[in-house]
Q: 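One structure, pasted below without further comment.
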Amino acid sequence: MAKKLRPDTLGVRAGTVRSDFGEHSEALVLSTSFVYKSAAEAARKFASTSPEDNIYSRFTNPTVKMFQDRLAALEGAEACVATATGMAAISTMVFGLMKSGDHLVIARGVFGTVVPLLEQIAKKFDIEVTWVEATNLDAWTQAIRPNTKLLYAESPSNPALEVVDIAGLAAIAKKAGAILAMDNAVASPALQQPIALGADLVIHSATKYIEGQGRVLAGAIAGRADLVTGPLFHYVRTAGPAISPYNAWTCLKGMETLGVRMKGHCSNALEMARWLEAHPGVERVLYPALESHPQHALAMRQQSGGGAVVSFVAKGGREGAWRVIDGVQLISNTANFGDVKTTICHPATTTHGRLTPAEREAAGIAEGLIRLGVGLEHPDDLREDLSRGLTQGKA
Ligand SMILES: Cc1ncc(COP(=O)(O)O)c(C=O)c1O
């Protein structure tokens with residue numbers, strides 16, 4: 001069924017399984033474990049790796065399975081495994097796929113917490129890491145070594161909104177015999193499907209647009225069945241970064257409105273980006289759907305909309321950025337994005353504060369940079385709210 005349907009329909013319908021009760025809304029199966037009819041059935045299920053065999057909710061759970069199947073359908077993926085958070089998905093990718101001595105090539109400018117994960121934790125296990133400029137395909141090619149196992153990037157990236165040529169990167173990975181994993185949290189599958197462009201895996205912080213209302217943490221890896229149902233599922237089942245069924249259910253229901261939310265988010269974000277670009281208190285706006293974005297043409301080829309993260313550099317460096325943030329009364333000063341409520345943050349001193357100044361510079365995170373996660377409020381109200389701090393800093 002799922003393959004013939006359009007994305008808006010898949011978001012509402014894909015993956016649904018009804019229990020014998022015939023419930024219309026998907027059931028939240030809050031159960032740690034599942035009962036067996038006999039000792040022999042228990043033994044058979046424990047030996048199984050099938051997602052159909054419910055045993056214990058660290059391995060398998062019917063609500064989690066519905067979430068995984070719906071996200072796989074939206075991403076056009078063969079399989080999906082859910083995780084507790086987006087970082088759990090990234091850790092599962094690294095430790096589920098790589099061994100000591102393997103090499104990873106990664107874009108500079110990915111989400112800040114990925115840097116200490118690789119530089120401090122993965123390094124303890126001798127996983128080699130090379131950081132490259134995301135938008136420079138030659139740099140990716142030059143970084144490839146005989147032991148390169150994985151290439152990893154975000155597009156668009158958080159918060160600098162760099163756009164990577166996914167098909168170009170997929171060709172490099174294929175030639176190297178390496179796996180390409182793309183983080184699709186910022187665009188969401190409503191706007192971009194990296195697998196159709198050649199990626200092997202898609203990583204999600206489902207905490208963002210998949211869930212959509214800032215309620216729960218969740219993550220997922222979708223993509224090639226041999227990787228997802230093989231080493232990645234094995235890692236989740238064994239190391240334990242499993243998702244709670246409640247969080248999976250919240251994301252499952254969130255996906256029902258993903259298509260319509262993303263249309264509203266993109267339209268508001270474009271309006272805000274154009275207004276900020278014309279504002280005298282703003283030095284620069286980064287938004288893929290603006291003609292001024294350095295990868296605008298590429299972004300419009302591989303995405304069906306600009307997304308809802310708009311980053312801009314306020315005049316006056318850190319002081320100017322903090323003035324804008326301290327001036328807002330409606331917009332939430334908080335670290336998340338992907339919410340219907342507009343959020344604002346200063347990446348250099350919050351989400352990316354654990355990076356060294358050199359790492360931040362390489363990732364394009366200026367002291368004056370502000371990340372706006374544009375929500376679904378009326379844009380006039382957002383403009384009025386931002387104007388307070390921006391107008392003071394226009395000189
Ligand atoms: C692009 C991206 N990937 C991954 C993550 C990590 O996700 P989580 O906070 O769900 O662990 C984030 C969090 O902001 C993110 O922005």
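Order of listing sets the numbers, starting from 1, for every ligand and every atom in it.
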Q: At less than 3.5 Å, what protein N or O atoms come close to the N or O atoms of ligand 1? Include the distances to 0.1 Å.
A:
from: ligand 1; atom 1: 3 (N); to: Asp183; atom 2: OD2; distance (Å): 2.7
from: ligand 1; atom 1: 7 (O); to: Ser205; atom 2: OG; distance (Å): 3.0
from: ligand 1; atom 1: 10 (O); to: Gly86; atom 2: N; distance (Å): 2.8
from: ligand 1; atom 1: 10 (O); to: Ser205; atom 2: OG; distance (Å): 2.9
from: ligand 1; atom 1: 10 (O); to: Thr207; atom 2: OG1; distance (Å): 2.6
from: ligand 1; atom 1: 11 (O); to: Gly86; atom 2: N; distance (Å): 3.1
from: ligand 1; atom 1: 11 (O); to: Met87; atom 2: N; distance (Å): 2.8
from: ligand 1; atom 1: 14 (O); to: Lys208; atom 2: NZ; distance (Å): 2.9
from: ligand 1; atom 1: 16 (O); to: Asn158; atom 2: ND2; distance (Å): 2.8

Q: Hey, which of Arg261, Arg13, Arg70 is the one that makes salt bridge (Lys or Arg N to Asp or Glu O under 4.0 Å) with Glu256?
A: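 Only one option passes, and that is Arg70.
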
Q: Please work out which of the three classes, parallel, tilted or perpendicular, describes the rings of Trp275 and His279, given edges at 30° and 60°.
A: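 Judged by the thresholds at 30° and 60°, the geometry between His279 and Trp275 is perpendicular.
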
Q: Any luck finding a side-chain donor-acceptor pair between Ser292 and Glu277 under 3.5 Å?
A: yes

Q: Between Lys208 and Asp339 (salt bridge meaning N to carboxylate O under 4.0 Å), is one present in this structure?
A: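 A salt bridge is absent here (no side-chain N lies under 4.0 Å from a carboxylate O).
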
Q: Please identify which of these residues, Leu104, Thr130, Ile172, meets the side-chain contact (heavy atoms from CB on, under 4.5 Å) condition with Leu151.
A: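 Going through Leu104, Thr130, Ile172 one by one, the side-chain contact (heavy atoms from CB on, under 4.5 Å) with Leu151 is satisfied by Ile172 alone.
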
Q: With the side chain counted from C-beta on, respond yes when Leu258 and Pro189 share a heavy-atom pair under 4.5 Å apart, and no when they do not.
A: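 Answer yes - side chains close enough.
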
